Protein chains: 2
Amino acid sequence: MLTISQVAERTGLSVHALRFYEQEGILAHPVERDGGGRRVYTEEHVDWLTMCVLLRASGMPLPDIRRYTELVRQGPGTEDERLELMRAHQERVTGQIDELTRCLDLITFKVGVYEDRLADSPERVCGVGRM
Amino acid sequence: MLTISQVAERTGLSVHALRFYEQEGILAHPVERDGGGRRVYTEEHVDWLTMCVLLRASGMPLPDIRRYTELVRQGPGTEDERLELMRAHQERVTGQIDELTRCLDLITFKVGVYEDRLADSPERVCGVGRM
DNA sequence: TTAGGAGTTCGAGTCGGCTCTAGGTCAAAC
DNA sequence: GTTTGACCTAGAGCCGACTCGAACTCCTAA
């Protein structure tokens with residue numbers, strides 16, 4: 001039994017984002033309301049949202065997360081599509097990691113270049129200049 | 001001596017993006033114009049832009065790339081700030097890779113879960129259901 | 001009983017990074 | 001000589017994922 005701000009704190013999402021996610025259908029189980037119409041969350045919601053945060057952090061777009069959420073809501077029998085979704089995302093993420101690793105190589109090379117240049121001539125720099 | 005569309009093809013940027021980048025000050029050397037006012041690029045531009053594409057692909061924001069470009073334009077004496085910029089970006093990228101790797105662990109776990117579930121009961125799926 | 005704080009809805013605004021459109025110029029091919 | 005296609009500028013539009021604001025309702029505690 002958690003308030004929206006407690007869930008915000010636990011998940012790292014803002015209260016605005018939490019309402020937005022709910023409206024976007026990014027919750028596997030509906031959020032109850034108390035007498036005054038306020039949202040009442042459970043630990044299950046926190047768990048689900050925590051996973052959503054991870055999916056988002058790895059670049060899964062909201063429409064995909066919504067689709068996945070729908071499949072989970074529909075219950076058993078949708079495992080094949082869930083697997084498909086996750087596999088596709090898995091590939092995207094490995095691809096991203098690969099690309100970032102390639103970029104990192106260049107960046108690390110650049111860092112090395114500047115370190116050397118500055119080590120050689122700490123006062124008046126006289127390197128190649130370009131790039 | 002290259003036209004904008006040739007540069008677009010070589011760098012993977014659109015012609016729109018190339019004009020936009022120029023306007024944003026993302027070119028270490030100015031682009032010349034022919035008699036008709038058309039941009040004339042050189043291989044050096046392609047090299048520079050290729051690096052910019054890599055920096056963008058690794059999430060460096062345009063303002064940072066612009067700053068880096070300015071420093072290179074200013075020539076020798078700015079190496080310390082260039083190094084600082086690249087080091088900061090290097091850290092961001094390694095951080096990103098770490099985070100993505102953590103996310104990938106969850107995703108791979110999920111994929112495993114669904115593979116097992118589907119392998120156990122290819123016809124009528126009777127798994128736990130939640131998530 | 002009233003002030004404060006946390007919650008509500010709905011809709012508008014923001015931001016980065018392009019992308020696209022309109023309206024025009026120019027050189028070459030037909 | 002006109003049509004085609006690539007180029008130009010300036011500025012508007014788009015997209016995703018929030019973020020923020022206004023105007024309101026509650027509950028609680030002084």
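Quantities reported herein were computed from a predicted structural model and do not represent experimental measurements. To find a chain, count down the sequence lines: A is the first, B the second, and so on, and within it residues start at 1.
Listed by chain and number, the residues in a side chain to side chain donor-acceptor pair (under 3.5 Å) with A:E9 amount to none (sequence neighbours excluded). For the side chain to side chain donor-acceptor pair (under 3.5 Å) test, residues two or more places apart in sequence or in another chain that qualify with B:E70 are B:R67. With sequence neighbours excluded, the residues satisfying side-chain contact (heavy atoms from CB on, under 4.5 Å) with B:V46 are B:L2, B:V7, B:R10, B:T11, B:E43, B:T50. Taking the side-chain contact (heavy atoms from CB on, under 4.5 Å) definition, one finds that B:T69 meets it with B:A28, B:W48, B:I65, B:R73, sequence neighbours left out. For A:R19, there are no salt bridge (Lys or Arg N to Asp or Glu O under 4.0 Å) partners, not counting sequence neighbours.
The residue among A:F20 and A:G35 whose nearest nucleotide of DNA chain D lies closer to the 5′ end is A:F20.
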Listing time: all N or O pairs from protein to nucleotides 5-11 of chain D that are below 3.5 Å?
{"unit_1": "D:dC7", "atom_1": "OP1", "unit_2": "B:T3", "atom_2": "OG1", "d": "3.2"}
{"unit_1": "D:dC7", "atom_1": "OP1", "unit_2": "B:S5", "atom_2": "OG", "d": "2.8"}
{"unit_1": "D:dC7", "atom_1": "OP2", "unit_2": "B:S5", "atom_2": "OG", "d": "3.1"}
{"unit_1": "D:dC8", "atom_1": "OP1", "unit_2": "B:R39", "atom_2": "N", "d": "2.8"}
{"unit_1": "D:dC8", "atom_1": "OP1", "unit_2": "B:R39", "atom_2": "NH1", "d": "2.9"}
{"unit_1": "D:dC8", "atom_1": "OP2", "unit_2": "B:R19", "atom_2": "NH1", "d": "2.6"}
{"unit_1": "D:dC8", "atom_1": "OP2", "unit_2": "B:R39", "atom_2": "NH1", "d": "3.4"}
{"unit_1": "D:dC8", "atom_1": "O5'", "unit_2": "B:R39", "atom_2": "NH1", "d": "3.4"}
{"unit_1": "D:dC8", "atom_1": "O3'", "unit_2": "B:R33", "atom_2": "NH1", "d": "3.4"}
{"unit_1": "D:dT9", "atom_1": "OP1", "unit_2": "B:R33", "atom_2": "NH1", "d": "3.2"}
{"unit_1": "D:dT9", "atom_1": "OP1", "unit_2": "B:R33", "atom_2": "NH2", "d": "3.1"}
{"unit_1": "D:dT9", "atom_1": "OP2", "unit_2": "B:R39", "atom_2": "NH1", "d": "2.9"}
{"unit_1": "D:dT9", "atom_1": "OP2", "unit_2": "B:R39", "atom_2": "NH2", "d": "2.7"}

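Screening residues 94-109 of chain A for side-chain hydrogen bond (donor to acceptor under 3.5 Å, both in side chains) gives A:T108-B:Q90 as the qualifying pairs, with residues at least two apart or on separate chains.
In this structure, A:R56 atom CZ and D:dG16 atom P are separated by 11 Å, rounded to whole Å. Put simply, CD1 on A:I65 is 11 Å from C1' on D:dA17, counting in whole angstrom units.
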Extract all donor-acceptor atom pairs below 3.5 Å that involve side chains of residues 56-64 of chain A and protein atoms in other chains or at least two apart in sequence.
{"unit_1": "A:R56", "atom_1": "NH1", "unit_2": "A:M60", "atom_2": "O", "d": "2.8"}
{"unit_1": "A:S58", "atom_1": "OG", "unit_2": "A:L54", "atom_2": "O", "d": "3.0"}
{"unit_1": "A:S58", "atom_1": "OG", "unit_2": "A:L55", "atom_2": "O", "d": "2.8"}
{"unit_1": "A:S58", "atom_1": "OG", "unit_2": "A:H89", "atom_2": "NE2", "d": "2.8"}
{"unit_1": "A:D64", "atom_1": "OD2", "unit_2": "A:R92", "atom_2": "NH2", "d": "3.4"}

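Put simply, the side chain of B:Y114 does not reach to within 4.5 Å of the side chain of A:R87, judged on heavy atoms.
On the nucleic acid side, DNA chain C has its first and last nucleotide under 4.0 Å of a heavy atom of chain B at C:dG17 to C:dC26, going 5' to 3'.
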